[in-house]
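This report refers to the structure that appears directly beneath it.
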There are 2 protein chains.
Amino acid sequence: MKKKRPTLQDIADQVGATKMTVSRCLRAPETVSQGLRERIFSAAEKVGYIPNRAPDLLSRATSHSIGVLVPSLTNQVFADVIVGIEAYAEPAGYHLMLSHYGYSPELEERSLASLLSYNVDGIILSDRNHTQRSLRMLETAGIPVVEIMDTHRPPLQQAVGYDNVNAAFDMVSEMIRRGRRRVIYLGVRLDERTRQREQGYHQAMQAHALTPVALHSSQRSSYSVGSALLKQILSDYPEADGIFCTNDDVAVGAYFECQRQGIDVPGEMAIAGFHGHDVGQAMTPRLASVITPRQAIGEAAAKALLASIQGEAPAGNVIDLGYRIESGGTL
Amino acid sequence: MKKKRPTLQDIADQVGATKMTVSRCLRAPETVSQGLRERIFSAAEKVGYIPNRAPDLLSRATSHSIGVLVPSLTNQVFADVIVGIEAYAEPAGYHLMLSHYGYSPELEERSLASLLSYNVDGIILSDRNHTQRSLRMLETAGIPVVEIMDTHRPPLQQAVGYDNVNAAFDMVSEMIRRGRRRVIYLGVRLDERTRQREQGYHQAMQAHALTPVALHSSQRSSYSVGSALLKQILSDYPEADGIFCTNDDVAVGAYFECQRQGIDVPGEMAIAGFHGHDVGQAMTPRLASVITPRQAIGEAAAKALLASIQGEAPAGNVIDLGYRIESGGTL
DNA sequence: ACCGACCTTGTTACCGGTAACATAATAGTG
DNA sequence: CACTATTATGTTACCGGTAACAAGGTCGGT
């Protein structure tokens, strides 16, 4: 019942040639005589030929696709990064194979195995924590790897991103410079980046002889978690005069809660977020945030990866695209 | 230099068997004698064998992957849908191949060709407008197709979603029921769904003998577009007493602008959005919105697609998962 | 001791492109 | 016109799994 999809042979049969000639005609038309060429093209059109990457994938072990592993697709940060990756990779003829692993190294390992089984030509990873088996697989696969979002630690091969520790340090320092003394850190999830931001927060507080206080939620980041954490601060740390949030979702959620509670921002409470997402930048007052170059990171990562795939392998390369402190109207 | 990745033959060489035996051992261990089995497993571990889907893909033309085409990855709506798809497909052993096409049917066509060249076993499409060539390719590929997000028109094969026209009609009717008379429609982009919502808006206004007015922006949806459109309303249609926005981004942006301009919501201006995203549901007042079951749509689409792939083909099937009108605090 | 059932392993061929090489047809040159 | 250069097409083999079939080995029953 199910009709097989047309192959080169089907076209060849129609025009009385071999599939080799058809193959040549489709990839280098000028090497085939004009009459035959025209008949081949019209036959291809007629049977509805669709190229098939499977043989290439098998015989040359190359897929013209790159694997991208992100912890979450609903996290706007990674959506932006992916857009950047594709902006560079797609025009270069590379297809993206996306997987997400919900911040779990074990799931990352499984997703990685799956991607490798499709013979991806390169991999972009969004984390720096990998299982032993993951590292092993990457090694035996022998393909280029680029890690993104974190330039703080030495990379497997190459890394593109910014320094989370320094970014957090700078933002918190700015809050302190503006007179805040009891700034509290709000974290969600326990991924590497959240920890690094907390570390930068710690360093900044201690550099000014202030006492760091961190509040965490194990839930995934959301506005409502921000609201909940702010309520907790009001009851447990009423003396707080500022919060530094691990991302904008939490910060905006906390701001909404301040509105509800009638707390003046920034008068009574300073609020800073991370990443500079649209909501925070569109609302009034504008949310103070660390603006990260997410799309640029995606593009640079794709560029570095394709360069490696095409031969040049600048291993140990770290591209730091920096960040910008936006003080907005909430400091 | 670049070492090839290990194959079954490499394992076979180590243990003095043929690759056929190794193949059997990995997929049905009990059919191989115990001693050999143990040696094969340890050899596989030693060389770091990673399964290879390429041969399967070639000889059985099946990839155990499904192609997913969405107009945009940064649009939260589709991020949610994708999460739903993967929640069902991943445990079933299917990998997702994602592509986005920026709302352009021509790009959709290219992405589709690319997906088909990887021999995906099925396709999930997010639009109902396809080029002739796209339709042709889908037909010759002979694989199951599920269209999502719109149950208003008859599907290619199967569709999963909700009815945009009815949803818009219901929301606008509710606004009118609450006393609004000069409701304006705010649209962005010109994709099918936006047009359908406008259609529902028209029907509701005309059913109450009210004059429909629609404002459009050609930019992609964002908070700032919502703000800009609200400003335009204030200058061009000062008599407006409500806006129905094609999505929550626009609605929230418009709300922010009302705040800045000191316009009372809902007192002077009612605001309704579409989709029920987190921001709108977390802010105060809660944004009125049409809550759509995005993740459930993804799951149902994946389920329907895999059912078709596995043989049962309930063609012409339309699964309507409905929607819910949340009147929030902005009506 | 012999036959067949079964258990284990091996052999062959195939999937669909294309690189590499071979060959046929045509054109060009002294 | 013989001979080489050039162009146009065909042939073969390969990539890495596995289905289908073949074959050698073991064991139990009579």
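Worth knowing before you read on, the calculation uses all heavy atoms, side chains too, and leaves out hydrogens, waters and symmetry mates. In what follows, chains are A, B, ... by sequence order, proteins preceding strands, each numbered from 1.
- In this structure B:Leu58 satisfies the side chain to side chain contact (heavy atoms under 4.5 Å, CB included) test together with A:Ala54, A:Pro55, A:Leu58, sequence neighbours excluded.
- Relative to the axis of its first five pairs, the axis of the last five pairs of the helix from C:dA1-D:dT30 to C:dG30-D:dC1 sits at 50°, rounded to 10 degrees.
- Applying the ring pair (Phe, Tyr, Trp, His ring centres under 6.0 Å) criterion to B:His64, with sequence neighbours excluded, gives B:Tyr94.
- Among residues at least two apart or in separate chains, there is no ring pair (Phe, Tyr, Trp, His ring centres under 6.0 Å) pair with a member in residues 18-42 of chain A.
- Every salt bridge (charged side-chain N to carboxylate O under 4.0 Å, His left out) that B:Arg153 has, sequence neighbours left out, goes to B:Glu192.
- Sequence neighbours left out, the pairs with a member in residues 26-54 of chain B that pass salt bridge (Lys or Arg N to Asp or Glu O under 4.0 Å) are A:Arg133-B:Glu45.
- Residues passing the ring pair (Phe, Tyr, Trp, His ring centres under 6.0 Å) test with A:His95, sequence neighbours excluded: B:Tyr118.
- Within the nucleic acid shown, A:Leu57 has no heavy atom closer than 4.0 Å to any nucleic acid atom.
- For C:dT9, neither phosphate oxygen OP1 nor OP2 lies less than 4.0 angstrom from any side-chain nitrogen or oxygen of B:Thr21.
- Across all strands shown, B:Ala61 has no heavy atoms under 4.0 Å from either base or sugar-phosphate atoms.
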*Summarise protein proximity over nucleotides 13-23 of chain C in one line of letters, 5' to 3': B for base, S for sugar-phosphate only, - for none, counting protein heavy atoms closer than 4.0 Å.*
--BBBBBB---
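- Within residues 110-123 of chain A, no residue has a heavy atom under 4.0 Å from DNA chain D.
- Listed by first and then second residue, the salt bridge (Lys or Arg N to Asp or Glu O under 4.0 Å) pairs involving residues 62-84 of chain A are A:Asp80-A:Arg294 (not counting sequence neighbours).
- With sequence neighbours excluded, the residues satisfying side chain to side chain contact (heavy atoms under 4.5 Å, CB included) with B:Asp13 are B:Gln9.
- The salt bridge (Lys or Arg N to Asp or Glu O under 4.0 Å) analysis of residues 110-130 of chain B, with sequence neighbours excluded, yields the pairs A:Glu90-B:Arg110, B:Asp127-B:Arg193, B:Arg128-B:Glu147, B:Arg128-B:Asp150.
- Environment of CZ in A:Arg220: sparse, with no more than 12 heavy atoms of neighbouring residues, nucleotides or ligands closer than 6.0 Å.
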